[in-house]
Amino acid sequence: MLDSGSESAILRAIDAIYAAAAAPDRWMAVLEHLHEMFGLSFAAFVISNADRTKVDGIAAGVDADDYQAFLATFFRGSVFLKEEIPWFPGQIIHTQKLVPPHVLHRTRMYQEFWRPHGLEHGLRLAVARNADGLHHSVNLLRPPSGEAFGAAELHLAQALMPHLQRAIELNQRLRQTDLLASAALATLDTLRHAVLLLDRDCRVLHANTMAEAVLGAADGLTAKDGVPQAATPATTARLHAVLAGAAGRNGAPAQSGSLRLPRRPRLPTIRPRQARPVNWRHITWTA
């Protein structure tokens with residue numbers, strides 16, 4: 001059974017995993033948690049296609065440029081690609097079971113990267129494979145002075161695996177949603193009518209091109225701190241009431257409405273007075 005400190009570390013790691021689902025640039029924080037929890041010298045998150053011709057990844061414990069050079073030089077032809085044990089989502093396996101140490105130690109990859117960075121005992125977490133065939137893996141490595149991963153570490157990795165898999169799935173869904181939303185917003189920009197998307201607090205989430213022009217002109221409708229404003233406080237209050245009804249605020253059913261917004265008051269145009277023509281014949285000069 002884990003002590004309270006370990007349980008706290010696991011909860012922090014799980015929190016970081018779901019934060020990375022919403023913001024992929026936060027995967028480094030996940031790796032840093034794993035680095036500390038497992039006593040690692042190296043933790044990596046890798047995305048690649050099946051034949052490893054396309055790869056991207058980040059790692060904690062080594063310089064970012066060194067790791068990118070490793071991926072470019074060794075990843076596609078890695079000795080682990082030649083293993084006979086198939087890769088499948090949810091798999092957790094010692095690297096020593098994939099490639100025996102006496103074989104690994106003779107490889108250029110081990111001599112030029114693993115050994116200089118103090119990498120020896122490894123654990124590979126095959127997290128997910130998406131519809132595009134991309135593999136998502138987490139690789140954990142300890143130094144030669146450390147112990148191989150035991151039953152407790154395997155149990156911890158198994159506990160984290162479902163969260164890692166859900167994070168990948170959520171990230172894929174959010175990406176698809178973002179693509180659909182971007183396409184929808186781009187479509188709104190092609191309309192000849194002004195369209196505003198508002199949240200339940202009447203704040204502008206998006207204004208299409210025509211709506212931006214209307215708000216910018218501030219001629220009857222503008223926005224202050226992201227909230228639509230009419231020409232007068234009284235009209236603004238009526239506008240917000242109509243919008244609240246359309247949004248179904250406070251549990252009320254949504255109700256459509258309309259409101260004519262007066263344009264801003266115009267200053268009267270003052271025309272210059274035209275001077276009467278002067279009849280020079282009736283002017284007398286005196287000295």
message: As an exercise, state the distance from CG of Leu31 to CG of Leu40, rounded to the nearest 0.5 Å.
response: 9.5 Å

- prompt: Take atom NE2 in His94; do more than 12 heavy atoms of anything else shown fall under 6.0 Å from it?
  reply: yes

- request: If the plane angle is over 60° it's perpendicular, under 30° parallel, otherwise tilted; pick one for Tyr110 and His105.
  value: tilted

message: Let me confirm one number: the CG-NE2 distance from Leu11 to His33, rounded to the nearest 0.5 Å.
response: 11.0 Å

message: Are Leu221 and Pro228 packed together at the side-chain level, in the sense that at least one heavy-atom pair is separated by less than 4.5 angstrom?
response: yes

- prompt: Between Trp27 and Tyr18, is the gap from one ring center to the other below 6.0 Å?
  reply: no

query: What heavy-atom pair brings Asn208 and Leu188 nearest, and what distance separates the two atoms?
result: ND2-O, 3.0 Å

message: Given 3.5 Å as the limit, does a donor-acceptor pair link the side chain of Asn49 with the main chain of Leu134, or not?
response: no

task: Could you check whether the rings of Phe70 and Tyr67 sit parallel, tilted or perpendicular, using 30° and 60° as the cut-offs?
output: parallel

- prompt: Say you draw a straight line from CD1 of Ile168 to CZ of Arg129; how long is it, rounded to the nearest 0.5 Å?
  reply: 13.5 Å

Pairwise distance OG(Ser78) to CZ(Arg108) - rounded to 0.5 angstrom: 12.5 Å

field: Closest non-hydrogen atom pair between Ala230 and Leu239, with its separation
entry: N-CD2, 4.4 Å

query: Is the count of non-hydrogen atoms from other residues, nucleotides or ligands lying under 6.0 Å from Gln255 atom CD greater than 12?
result: no

message: Ring-plane angle category for His136 and Phe45, please: parallel below 30°, perpendicular beyond 60°, tilted otherwise.
response: tilted

message: Do Arg52 and Phe75 form a cation-pi contact, if we require the NZ or CZ to be under 6.0 Å from the six-membered ring centre and within 45 degrees of the ring's axis?
response: yes

query: Salt-bridged, Arg26 to Glu32, with N to O below 4.0 Å?
result: no

message: Can you confirm whether the side chains of Thr232 and Thr235 place a donor and an acceptor under 3.5 Å from each other?
response: yes

Aromatic ring proximity Phe149/His121, centre distance under 6.0 Å: no

